[in-house]
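Inspection log for the structure reproduced underneath, given as structure tokens.
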Amino acid sequence: MSDTVETAARTAPAAVIVAIDGPSGTGKSSTSKAVAAKLGLSYLDTGAQYRAITWWMLTNNVDTSDAAAVANASAKPAIVSGTDPLAPTITVDGVDASGPIRTQEVTAEVSAVSAVPEVRTRITELQREIARGAEGGIVVEGRDIGTTVLPEAGLKIFLTASPEARAARRSGETKGADVNATKEALIKRDAADSGRKTSPLAKAADAIEVDTTDLTLDQVIECVVTLVEEKRAGK
Ligand SMILES: Nc1ncnc2c1ncn2[C@@H]1O[C@H](COP(=O)(O)OP(=O)(O)OP(=O)(O)O)[C@@H](O)[C@H]1O
Ligand SMILES: Nc1ccn([C@H]2C[C@H](O)[C@@H](COP(=O)(O)O)O2)c(=O)n1
């Protein structure tokens, strides 16, 4: 090994896999992106992948209430995720899907599609492949990352927040949205995601829970950055 390579190997922080799970609207995406950008890690939004496959089902007239039909079609779409935290991307069959996957229509159907075991197997394989390929480390956010997708993750965080705080945050994004209706929709989606048989939304036994109800986004980011740095330092 040359001196330069040896020095780089000694000084480069160890590649870490960070799993960030939690219910809807707890701040997983905002926190994960910011933490990954600050620490030079890759970033994977696994919810976007489930949304992408749901969008494909809807645009290809697959009945999303028919689990067998969804299972049969689950291998068809080519889903590609870009992992730069400053510009994450998602394409389906080569088409940019970042806008269409955020529609109400997709949000309403994504829990049903993501509960189908064949869909989970397919998307979980993609996620593991991406995490394995992220040589500098990665922050992966979702619902079952710490429990099922990457149980070997070096650091697992489970974000929570009260339904009221989460609804207020979401309503702030869509001006004029009814906070109570938003809250009911969040609670319904969490119940479906927690209640499904295959790898439900759950906190891993070794995850650190961070209640973000009374924290600003900056405070949550700082807290997670500190936890990653401590992990890298072997504390
Ligand atoms: N601690 C916080 N305080 C105030 N607002 C926050 C906080 N965390 C996140 N937000 C805001 O709440 C909204 C939802 O956050 P975000 O999309 O990161 O949540 P999420 O857990 O990824 O949600 P989902 O699972 O539905 O994708 C965003 O508008 C974000 O800016
Ligand atoms: N690891 C994951 C990530 C997401 N899902 C499902 C359940 C969510 O309701 C949906 C959309 O996720 P969001 O964009 O809101 O983070 O995708 C899942 O089952 N497992």
Side-chain angles (χ1 to χ4, degrees), residues 19-36 43-55 57 64 79 81 85 88 90 97-98 100-104 106-117 119-128 130-131 139-150 153 156-175 177 179 182-183 185-202 204 210-224:
I20 302 193
D21 291 301
S24 189
T26 50
K28 299 181 300 298
S29 298
S30 324
T31 304
S32 301
K33 261 187 278 191
V35 169
Y43 160 70
L44 178 62
D45 176 355
T46 63
Q49 297 175 313
Y50 285 104
R51 287 173 177 274
I53 199 164
T54 302
W55 177 63
M57 298 286 167
T64 51
I79 296 168
S81 301
I90 182 125
S98 51
I101 63 168
R102 303 289 164 196
T103 58
Q104 265 312 111
V106 170
T107 303
E109 298 305 320
V110 65
S111 291
V113 172
S114 61
V116 175
V119 169
R120 299 210 73 78
T121 303
R122 163 102 208 277
I123 300 293
T124 296
E125 275 167 13
L126 271 180
Q127 293 161 355
R128 289 182 177 148
I130 292 168
V139 181
V140 184
E141 55 121 334
R143 304 292 191 289
D144 62 338
I145 309 306
T147 54
T148 307
V149 179
L150 300 165
K156 300 179 188 179
I157 293 169
F158 195 80
L159 295 184
T160 62
S162 70
E164 290 72 22
R166 295 188 284 132
R169 292 172 189 173
R170 279 274 174 246
S171 302
E173 286 172 341
T174 39
K175 303 276 175 259
V179 185
T182 305
K183 186 171 102 179
L186 284 174
I187 291 172
K188 193 174 159 208
R189 188 146 65 95
D190 290 345
D193 295 341
S194 309
R196 68 171 173 246
K197 277 201 185 124
T198 314
S199 61
L201 157 65
V210 179
D211 182 347
T212 72
T213 306
D214 297 318
L215 300 179
T216 64
L217 179 55
D218 282 347
Q219 287 172 322
V220 181
I221 293 165
E222 198 182 312
C223 167
V224 176

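Just follow the structure's listing: the first ligand is 1, and inside any ligand the first atom is 1. Side-chain atoms are counted along with the backbone in the values below, which use heavy atoms only and exclude waters and symmetry mates.
- When each atom of ligand 2 is checked for a heavy atom of S111 under 4.0 Å away, the hits are 9 (O).
- At least one heavy atom of R120 sits less than 4.0 Å from an atom of ligand 2.
- Taking 4.0 Å as the cut-off, R196 counts as a neighbour of ligand 2 on heavy-atom distance.
- In terms of polar-atom proximity, G27 is counted as a contact of ligand 1, with an N or O under 3.5 Å from an N or O of the ligand.
- Protein heavy atom at the shortest distance from atom 12 (O) of ligand 1 is R169 CB, 3.2 Å.
- Shown here for G22 and R143, the closest heavy-atom pair between the two residues is O-CD, 3.3 Å.
- Distance check, rounded to the nearest 0.5 Å: OG1 of T213 to CD of E164 gives 9.0 Å.
- Residues Q127 and V140 are not in side-chain contact: their nearest non-hydrogen atoms beyond the backbone lie 4.5 Å or more apart.
- Below 3.5 Å of separation, one finds an N or O of K28 facing an N or O of ligand 1.
- For the pair R143 and ligand 1, the shortest N or O to N or O distance falls below 3.5 Å.
- Salt-bridge annotation for D144 and R120: present, with a side-chain N of the basic residue lying under 4.0 Å from a carboxylate O of the acidic one.
- Below 3.5 Å of separation, one finds an N or O of S24 facing an N or O of ligand 1.
- Annotation: the span from S24 atom OG to K188 atom NZ amounts to 13.0 Å, rounded to 0.5 Å.
- If you number the atoms of ligand 1 from 1 as listed, the ones under 4.0 Å from a heavy atom of R189 come out as 26 (O).
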